[in-house]
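Remarks on the structure that follows.
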Number of protein chains: 2
Amino acid sequence: MPQHKEVTIYDIASALNISIATVSRALKNDPVVSKQTKKKIFDLAGKMGYRTNHFARNLRNQKTNTIGIIVHELNSNFITSVLAGVEKVTTEAGYDLIIAHSSESFAKEIANAKNLFHKRVDGLIASLSFDTKNLDHFEPFKEKNVPVVFFDRVEQDGKNTVVVIDNDKSGYQATEHLIQQGCRKIVHITSSLKRNVYSKRFKGYKDALFDYGIPYDENLLIVNDLSESAAIESAMQILKMDPLPDGAFITNDFVAAVVMRTLKENNIKIPADIAMVGFNNDAICTLVEPALSTINYPGIDVGEVAARNLINHLKGIGNLQNTNTIIIRSNLIIRKSSLKNDSFEKNIKIKNQKKNLSKIESK
Amino acid sequence: MPQHKEVTIYDIASALNISIATVSRALKNDPVVSKQTKKKIFDLAGKMGYRTNHFARNLRNQKTNTIGIIVHELNSNFITSVLAGVEKVTTEAGYDLIIAHSSESFAKEIANAKNLFHKRVDGLIASLSFDTKNLDHFEPFKEKNVPVVFFDRVEQDGKNTVVVIDNDKSGYQATEHLIQQGCRKIVHITSSLKRNVYSKRFKGYKDALFDYGIPYDENLLIVNDLSESAAIESAMQILKMDPLPDGAFITNDFVAAVVMRTLKENNIKIPADIAMVGFNNDAICTLVEPALSTINYPGIDVGEVAARNLINHLKGIGNLQNTNTIIIRSNLIIRKSSLKNDSFEKNIKIKNQKKNLSKIESK
DNA sequence: AAAAAAAATGTAAACGGTTACATTTTCATA
DNA sequence: TATGAAAATGTAACCGTTTACATTTTTTTT
């Protein structure tokens with residue numbers, strides 16, 4: 001198999017009998033090179049199939065023009081839209097993007113961080129895996145002054161820049177909505193409370209119960225991973241409760257959908273017997289029956305904001321050091337899975353006039 | 001903001017008073033370096049926070065150890081599992097992976113190809129976008145002898161190595177199953193017939209109709225993109241048919257789910273009025289009601305096989321030149337959305353004894 | 001203890017760009 | 001036409017590795 005030799009600026013220079021410096025400058029469109037020379041160089045470069053050697057350039061320039069992103073999984077609408085948002089901004093700004101996913105494993109997250117560190121990304125965006133224990137693997141970035149922005153699953157210790165929604169409030173809203181629908185025994189299915197997204201939603205859940213005078217019952221808290229089998233187990237656990245709960249706030253739409261299916265298979269009526277609210281506003285919400293009420297978590301905005309802040313920092317505009325927490329708008333979307341009675345529209349409308357917090361999807 | 005100076009092998013060498021050659025060799029674990037020297041070097045490298053400069057190394061080695069993958073979208077179970085399969089193999093083999101997605105746009109696909117080409121990936125894996133017109137943008141890879149493997153959405157012109165399922169057979173099986181359920185007027189909703197996945201499924205559909213003596217009716221073919229709005233339109237088109245069709249073979253699970261929802265909203269009973277079969281076996285299949293029959297398209301296998309062949313080729317084991325088409329096993333999964341009568345189990349069992357083609361999921 | 005072989009280390013030239021600084025060419029002006 | 005400034009181009013060092021080849025050190029053999 002013949003290996004074609006790569007064309008370099010040396011080849012172009014000697015073919016045109018000029019210096020490599022001029023070729024280099026021309027290819028970067030340096031205004032100092034004359035129009036005619038530039039044209040000759042561009043034409044020949046095209047003809048010879050020249051391509052920049054990024055390694056030589058980066059080696060010399062000491063920067064990579066690359067942003068890394070570590071996500072905890074790939075297969076959710078939420079993460080996909082975060083990626084879309086990040087990509088939009090990085091592409092516009094002329095940065096390359098390397099996507100790594102940890103599949104919810106701490107070990108893989110460490111490996112990814114190490115890899116991106118060695119690849120010398122100029123900046124990093126990350127969401128923590130399910131079982132991440134600490135942030136030691138991000139220390140090397142800080143030591144080398146490589147900016148890191150966390151989103152969604154973050155450690156809110158005040159030391160890091162994070163892009164999040166108000167999980168506290170969202171949990172409160174979801175729970176409050178169920179209470180307003182008449183629920184008094186509300187299950188909360190969530191994931192590891194070590195991840196602060198989940199602990200804050202849990203806090204919102206408890207606060208809402210408290211504000212409405214409903215005692216918190218720890219038997220109604222189900223902590224689980226976000227797998228299908230775990231979701232089925234959670235549903236089974238609900239079925240064993242006596243009396244049955246009348247509401248469920250579930251921290252993930254997919255889990256909510258599986259729980260709902262399992263409950264329905266066991267002749268539970270949704271929302272009549274148990275009203276449900278999920279989280280994220282994934283595509284499945286409107287495909288399951290009844291359509292799933294949820295918290296809209298706009299991934300694209302999260303991605304755009306995270307990337308924009310990172311890049312501004314890199315370009316010297318704005319400074320991440322001063323910006324610790326960026327909160328993205330989120331909102332409750334009410335669908336049939338949580339509507340126990342018909343008078344809901346009136347109720348909600350009155351409420352909205354006061355708070356303007358939730359969004360109704362009629363029909 | 002102080003820029004920490006990077007540690008290089010020069011720093012290590014001069015600190016230990018040895019040559020950079022020895023340091024370089026030690027860091028690569030070259031057996032020619034003595035144990036003690038190696039230990040000293042590793043210890044110091046760790047202490048000083050040394051990290052390999054990939055640019056210098058790649059510049060010198062003239063290879064990147066990187067595989068690129070271009071996918072037509074990110075948010076489907078299928079693509080996600082392909083990525084998982086690819087990643088498993090590339091990681092094991094010590095290759096890095098750059099993921100690019102074209103969002104179904106030809107222009108973005110070209111941009112991605114160009115980018116990965118300039119990044120000098122050692123090999124490329126790709127699935128074509130919805131409206132890709134030609135493969136010119138992959139020519140540069142061929143010219144430089146960079147191997148390219150296509151999967152899923154491919155151009156089967158015999159010139160490229162492709163990893164696919166037998167779409168022809170799958171389309172046949174799906175349609176045959178509907179016919180065996182008693183369907184005689186079967187709609188086929190699909191995407192651009194220029195993409196050969198879809199044209200082959202369509203061929204399978206027509207062949208099955210023919211074999212069972214059902215004339216093909218072009219009014220029952222609905223070509224659309226794979227968006228939610230397009231799916232709703234397709235459902236509306238079905239509703240306008242008189243008489244209504246009694247079966248639908250839809251080339252994508254998400255689209256099938258949306259169509260099913262829209263039909264149900266219009267009081268069509270699934271499967272009694274219209275039996276449905278989707279394609280891919282995405283997670284939604286078991287979340288919608290009734291559960292969606294589908295063709296199981298094992299993305300993880302596709303990804304693994306594509307990556308394995310590519311890497312073997314790069315390592316000189318096996319040769320892609322000789323391997324044009326690799327076919328991955330796929331199979332029909334029967335669920336409630338396509339079961340018109342109760343005697344199905346008997347029917348299917350008899351059929352399976354003969355052909356062993358389909359897999360029943362009871363319950 | 002000398003000679004030969006093996007092991008360990010060192011020297012220096014790539015790899016392909018970028019850019020400070022130096023030099024040459026072009027051109028307006030005196 | 002000589003002069004100087006501006007424009008265009010050239011020279012060469014540098015970025016941090018790898019590795020063929022050369023040299024030194026250690027070990028084995030006689």
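Order of the sequence lines sets the chain letters (A, B, ...), proteins ahead of strands, with each chain counted from 1.
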>> Reading DNA chain C from 5' onward, which residue's closest nucleotide shows up sooner: B:Val32 or B:Arg120?
In response: B:Val32

> For the residue pair A:His54 and B:His118, does the interplanar ring angle fall in the parallel (under 30°), tilted (30 to 60°) or perpendicular (over 60°) class?
Replying inline: tilted

>> Looking only at side-chain N and O atoms, does A:Thr64 offer a donor or acceptor that is under 3.5 Å from a partner on A:Asn58?
In response: no

> Name the one of B:Lys315, B:His313, B:Arg308 that satisfies side-chain contact (heavy atoms from CB on, under 4.5 Å) with B:Ile311?
Replying inline: B:Lys315

>> Rounded to whole Å, how long is the line connecting atom CD1 of B:Ile18 with atom C1' of C:dT11?
In response: 15 Å

> Salt bridge check: are B:Glu87 and A:Lys108 linked by an N-O gap of less than 4.0 Å?
Replying inline: yes

>> Please confirm whether the shortest side-chain N or O distance from A:Ser24 to OP1 or OP2 of C:dT18 is below 4.0 Å.
In response: yes

> What's the verdict on side-chain hydrogen bond (donor to acceptor under 3.5 Å, both in side chains) for A:Asn29 and A:Lys38, showing C-alpha distance, side-chain angles and the deciding distance?
Replying inline: CA-CA 8 Å; A:Asn29 222 347; A:Lys38 236 182 225 175; 3.1 Å; yes

> Side chains of B:Asn324 and B:Asn160: do they bring a donor and an acceptor to under 3.5 Å?
Replying inline: no

>> Counting neighbours of NZ on A:Lys133 that are heavy atoms of other residues, nucleotides or ligands and sit closer than 6.0 Å, is the number greater than 12?
In response: yes

> For DNA chain D, which residues in residues 33-47 of chain A have a heavy atom at a distance below 4.0 Å?
Replying inline: A:Val33, A:Ser34, A:Thr37

>> Below 4.0 Å from chain A heavy atoms, what is the first contacting nucleotide of DNA chain D and what is the last?
In response: D:dA8 to D:dG16

> So, B:Thr132 and B:Ser129: side-chain donor and acceptor under 3.5 Å apart, yes or no?
Replying inline: yes

>> Expected output is a numbered-order residue list: members of residues 51-64 of chain A with a heavy atom under 4.0 Å from any atom of DNA chain D. What is it?
In response: A:Leu59, A:Arg60, A:Gln62

> Is the A:Phe151 ring parallel, tilted or perpendicular to the A:Phe78 ring (thresholds 30°, 60°)?
Replying inline: tilted

>> Counting C-beta onward and ignoring hydrogens, is there a side-chain heavy-atom pair between B:Asp152 and B:Val164 closer than 4.5 Å?
In response: no

> Looking at A:Tyr10, does any N or O in its side chain come under 4.0 Å of the phosphate oxygens OP1/OP2 on C:dT18?
Replying inline: no

> Considering every strand shown, what is the Watson-Crick or G-U wobble mate of D:dT30 when both distances are under 3.5 Å?
Replying inline: C:dA1

> Base, sugar-phosphate alone, or nothing: which one does B:Ile20 contact when heavy atoms must sit under 4.0 Å apart?
Replying inline: base

>> Looking only at side-chain N and O atoms, does A:Thr37 offer a donor or acceptor that is under 3.5 Å from a partner on A:Ser34?
In response: yes

